Chemist: 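Sharing a structure here in structure tokens format.
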Amino acid sequence: MKIGFFDSGIGGISVLTEAVSRIPDQEWLFDADTDHVPYGEKTTAEIAHYTTENARFLLSEGAEAIVVACNTATAAGIRLLREMTQVPVIGMEPAVKPAVELTDASGKKKRILVTATPVTLREAKLKDLIGRVDPEHRVDLLPLPGLVTLAEREAFDSQEARSYLTEALTDVSADDYAALVLGCTHFVYFKPLFREILGPEVRLIDGNIGTVRRLADVCGLPILKGPEAAAQEKPEITWYQSGRRVTDAETLAFYGRLQERIRGMGESGSL
Ligand code: DGL
């Protein structure tokens, strides 16, 4: 099956990496909308427009299923996108439900911090989700738009990223918070930095593996467990930037490093 992913930029490669190792024998397309990154501070109408344009392009390349590997594009544009096509469309939303369930199960009734772009945090989709799954009002919201541009510059371990995140998380400690949700696919690359700043006790939860499970489920595809997935041959991925095929060695090497970074996070990278 030909499966098309898109994001505003590199964030979605974190989900794609999980998908290609867990779902064998498919054809993969990835479009990073580099002409319009970042999405997270644009209007809902603009993002909805880019969302449908990206999907239209992937469909024109033969995609038989679309993964919106971006929480922001999902929040702003997935309804319009689903009206536009009959193929399966898998979106992403901050993993609030798993966070509530996990922290309930651990018996720690502490707070949960949901980080995402300002658009994801203000859209009705997230408010509805929180209304459904957080009856005890344990969820707090924190926008981290600065991480998107830092990620695009591959500045994951930079002093700039460390200062930005340390400042943003000043009031967040394991005394009060049981979990932090990474509600933007760009944030997943910064897991080691979140861990360093927050310490070992705060659970870091992203939506990547949940999205991959949903993709497999909706498309009727088999899904491999962790160790089998790690042993998978790395399949071909066809890369695009805003609909233009990527063939230059420098960008391909960059995308290779991003996949390595995600694989290097192992199981904990895909809670
Ligand atoms: N990666 C996107 C997400 O998951 C947003 C990045 C952006 O602001 O462009 O929300």
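Everything quoted here is computed from the prediction, not taken from an experiment. Note that ligands are numbered from 1 as they come in the structure, with each ligand's atoms numbered from 1 the same way.
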Chemist: So does R79 have more than 12 non-hydrogen atoms from other groups sitting under 6.0 Å from CZ?
Modeler: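 At most 12 heavy atoms, drawn from other residues, nucleotides or ligands, come within 6.0 Å of this atom.
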Chemist: Write out all pairs satisfying salt bridge (charged side-chain N to carboxylate O under 4.0 Å, His left out) with one or both partners inside residues 38-50, taking only residues at least two apart or from two chains.
Modeler: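 Output for this query is empty, none listed.
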Chemist: Does D31 pair with R245 as a salt bridge, N-O distance under 4.0 Å?
Modeler: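 No, this pair does not count.
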Chemist: Tell me if the centroids of the rings in F6 and F30 come within less than 6.0 Å of each other.
Modeler: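 No, the ring of F6 stays outside the 6.0 Å limit from the ring of F30, centre to centre.
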Chemist: Hydrogens and angles aside, do E61 and Y240 bring a side-chain donor and acceptor to less than 3.5 Å of each other?
Modeler: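 E61 vs Y240: donor-acceptor pair found between side chains.
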Chemist: Looking at E250, I want to see if its CD is surrounded by more than 12 non-hydrogen atoms of other residues, nucleotides or ligands under 6.0 Å.
Modeler: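 It does not: E250 CD has 12 such atoms or fewer within range.
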Chemist: Once you restrict both partners to nitrogen or oxygen, which atoms of ligand 1 have a protein partner under 3.5 Å, and how far apart are they?
Modeler:
| from | atom 1 | to | atom 2 | distance (Å) |
| --- | --- | --- | --- | --- |
| ligand 1 | 1 (N) | D7 | OD1 | 3.1 |
| ligand 1 | 1 (N) | D7 | OD2 | 3.3 |
| ligand 1 | 1 (N) | T185 | OG1 | 2.9 |
| ligand 1 | 1 (N) | H186 | ND1 | 2.8 |
| ligand 1 | 4 (O) | N71 | N | 2.9 |
| ligand 1 | 4 (O) | N71 | ND2 | 3.1 |
| ligand 1 | 4 (O) | T185 | N | 2.8 |
| ligand 1 | 4 (O) | T185 | OG1 | 3.2 |
| ligand 1 | 8 (O) | Y39 | N | 3.3 |
| ligand 1 | 8 (O) | G40 | N | 2.8 |
| ligand 1 | 9 (O) | S8 | OG | 2.6 |
| ligand 1 | 9 (O) | Y39 | N | 2.6 |
| ligand 1 | 10 (O) | N71 | N | 3.4 |
| ligand 1 | 10 (O) | T72 | N | 3.0 |
| ligand 1 | 10 (O) | T72 | OG1 | 2.5 |

